Amino acid sequence: MKTGRRTVAVATFVGALGLSALSAPAAQAADTGITVSDIVINKGKPIVVGTSQVVEPSISFRVALPSGYSTADPSRYDAYPFLYRGSIATAADTGENYIGPGSYTCYETDAKHARCEGSLYIDPHPSRDHVDSNSDATTWKVGVSLKLWKADGGLKTGELETRSTTAQLKRAAKATTDASPEPVTKGKSITVTGKLTRANWSTKKYDAYSGRTVSLQYRAKGADSYQTLKKATTSSTGALKATVTASADGYYRWVYYGNSTTGVATSAADYVDVR
C-alpha cells in the first residue's frame with residue numbers, strides 16, 4: 001500500500017441531493033466507530049455569498065476507521081462534514097438549513113487513516129435552499145455524517161455527530177468609486193463619490209446599504225500601498241461622498257471592512273491625473 005494514495009473521490013453534490021445518499025441516519029443509530037477530526041472550513045475565514053455566483057468554500061479533515069475497515073476499500077465507509085442550522089437531524093434529512101460537500105478527495109496515510117480535502121457547495125440561485133433568507137447570514141454549526149456499509153452494499157450503521165467548530169456565512173457587499181474632475185489642477189478639490197450595496201438573499205438583488213462607515217483610500221502613482229484619507233457614512237441610498245485636495249497623480253477607492261453579517265467590499269480604483 002502506497003501512503004498518500006487517493007482512496008475516494010466524491011462527485012459534486014448539488015443541493016441536498018436525495019438525502020438517501022447524503023444525509024446521515026437517525027440519531028439513535030449505532031456508533032460507527034469512525035472518527036473525523038481536524039475539520040477546517042474555508043481556512044477558518046468567513047464564507048461570503050452574493051446573489052448568483054456559486055461559492056465553494058474549502059474543507060479539510062482527517063478520518064480514522066474502526067476495526068474491520070480499511071482505507072484500501074473506500075466503498076465500505078462514508079464520512080464527511082457539513083454545515084447546518086437548527087436541528088442536525090432535520091437539516092440532514094430535509095436539506096433545509098443544510099450545506100453539504102460539493103466534492104472531496106481522501107488520501108490514505110495508512111490502512112486506518114486518511115486525510116481529505118475538497119469543498120462545500122453553496123448556490124444562491126432561487127431554485128436552491130442554500131441561502132434563501134437574510135437570516136442565513138449568521139453562525140452555522142458543523143456536523144459530520146458517518147456511515148459503514150456491508151460487503152454486499154447495504155447500510156450497516158450510520159450516525160450524525162455535531163462539532164464545536166462553526167462557520168460564519170456573510171452577505172456579499174459591493175462598492176463603487178468615481179473621482180472628479182479628471183484631470184485636475186494641483187491644489188484644487190477632488191470630489192470622490194461612490195455607493196455601497198449589499199446582497200439581499202431573499203430577493204437575489206443588491207440593495208443600498210445605509211448608515212455604514214466606509215474608508216476613502218488613496219495610493220500615489222508608483223506606490224505599493226493605500227492610505228486612508230477620510231471616512232464617510234453611507235446615505236439612505238447607500239451613497240458616499242468626500243472632498244480631498246489634489247496633490248499628485250494617484251488612485252482613489254472606497255473600502256468597507258464588513259461586520260458580523262456582511263463581507264468586506266473594496267471598489268475598483270479610479271485614477272486621477274493631477275497637473
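The structure displayed is predicted, hence computed values, not measured ones.
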Val54 and Ile122, any side-chain heavy atoms less than 4.5 Å apart: no

Side chain proximity check, Arg62 to Thr109, heavy atoms < 4.5 angstrom: yes

Transitive ILVMFWY side-chain link Tyr209 to Val131, under 4.5 Å: no

Heavy-atom side-chain proximity of Thr35 to Leu146 below 4.5 angstrom: no

Within one Ile-Leu-Val-Met-Phe-Trp-Tyr cluster: Leu229 and Ile190, side-chain cutoff 4.5 Å: yes

Candidate pair Asn134 and Arg171, rule side chain to side chain contact (heavy atoms under 4.5 Å, CB included), full reasoning: CA-CA 8 Å; Asn134 292 327; Arg171 296 158 65 182; 3.5 Å; yes

Any donor-acceptor pair under 3.5 Å from Thr245 side chain to Ser189 backbone: no

Non-hydrogen atoms of Ala175 and Ala265 that approach each other most closely: N-CB, 4.1 Å

Asp273 side chain vs Pro183 backbone, donor-acceptor pair below 3.5 Å: no

Heavy-atom closest contact (Lys174 atom, Tyr206 atom, distance): CE-CZ, 3.5 Å

Pair Tyr271 and Tyr251, ring centroids less than 6.0 Å apart: yes

Aromatic contact, Tyr77 with Tyr69 (centres under 6.0 Å): no

Flag for Ser60-Tyr104: side-chain donor and acceptor within less than 3.5 Å: no

Gap between atom OG of Ser225 and atom CZ of Arg219 - 0.5 Å precision: 8.5 Å

Arg76 CZ: over 12 foreign heavy atoms closer than 6.0 Å: yes

Main-chain N/O of Asp123 paired with His130 side-chain donor or acceptor, under 3.5 Å: yes

Residues Asn259 and Thr262: side-chain donor-acceptor under 3.5 angstrom: yes

Connected via hydrophobic side-chain network under 4.5 Å: Val244 and Val184: yes

Minimal non-hydrogen separation, Arg253 against Ala269, with atom names: CB-CA, 4.2 Å

Qualifying residue for side-chain contact (heavy atoms from CB on, under 4.5 Å) with Leu169, from Ile99, Val48, Thr139: Ile99

Nearest heavy atoms of Ile59 and Pro81, plus distance in Å: CD1-CG, 4.4 Å

Minimal non-hydrogen separation, Pro124 against Gly50, with atom names: CB-O, 3.7 Å

Distance, nearest 0.5 Å, that separates NE2 of His113 from CD of Glu108: 12.5 Å

Lys/Arg-Asp/Glu bridge criterion (N-O < 4.0 Å) met for Lys147, Asp78: no

Donor-acceptor side-chain pairing of Glu159 and Thr32 below 3.5 angstrom: yes

Main-chain N/O of Val36 paired with Arg163 side-chain donor or acceptor, under 3.5 Å: yes

Ring center gap for Tyr218 and Tyr226 short of 6.0 angstrom: no

Beyond-backbone contact of Asp132 with Pro126, side-chain heavy atoms, under 4.5 angstrom: no

Gap between atom CD of Gln217 and atom OG1 of Thr177 - 0.5 Å precision: 10.0 Å

Chi angles and distances behind the side chain to side chain contact (heavy atoms under 4.5 Å, CB included) call for Lys204, Ser52: CA-CA 7 Å; Lys204 306 303 179 184; Ser52 59; over 6 Å; no

Check: Lys112 side chain, Thr71 main-chain N or O, donor-acceptor pair, under 3.5 Å: no

Trp140 side-chain N/O to Tyr98 backbone N/O, donor-acceptor pair under 3.5 Å: no

Heavy-atom check, side chain of Trp149 versus side chain of Lys156, under 4.5 Å: no

Verdict with reasoning, Glu96 to Thr90, per side chain to side chain contact (heavy atoms under 4.5 Å, CB included): CA-CA 7 Å; Glu96 184 69 22; Thr90 300; 5.8 Å; no

Exam field: side chain Asp270 to backbone Ala179, donor-acceptor pair closer than 3.5 Å: yes

Any Thr228 side-chain heavy atom under 4.5 Å of Leu216 side chain: no

Polar side chain donor-acceptor pair, Thr237 to Ser235, under 3.5 angstrom: yes

Neighbour count >12 (heavy atoms, 6.0 Å) for atom CD, Gln53: no

Derivation and outcome, side chain to side chain contact (heavy atoms under 4.5 Å, CB included), residues Thr193 and Leu240: CA-CA 5 Å; Thr193 58; Leu240 291 158; over 6 Å; no

Euclidean distance, Asn97 CG relative to Ser135 OG, rounded to 0.5 Å: 7.5 Å

Lys/Arg-Asp/Glu bridge criterion (N-O < 4.0 Å) met for Asp207, Lys205: no

Spacing of Cys116 atom SG and Ile39 atom CD1 [to the nearest 0.5 Å]: 10.5 Å

Side chains of Thr162 and Leu160 in contact at under 4.5 Å (non-hydrogen atoms): no

Whether Lys188 side chain and Thr185 backbone form a donor-acceptor pair below 3.5 Å: no

Atom pair OG1/CH2 of Thr234 and Trp254 - distance to nearest 0.5 Å: 10.0 Å

Closest non-hydrogen atom pair between Lys241 and Ala232, with its separation: O-CB, 4.0 Å

Quiz item: cation-pi between Arg115 and Phe61, 6.0 Å / 45°: no

Heavy-atom side-chain proximity of Lys141 to Ile88 below 4.5 angstrom: no

Asn42 side chain to Pro46 backbone, donor-acceptor under 3.5 Å: yes

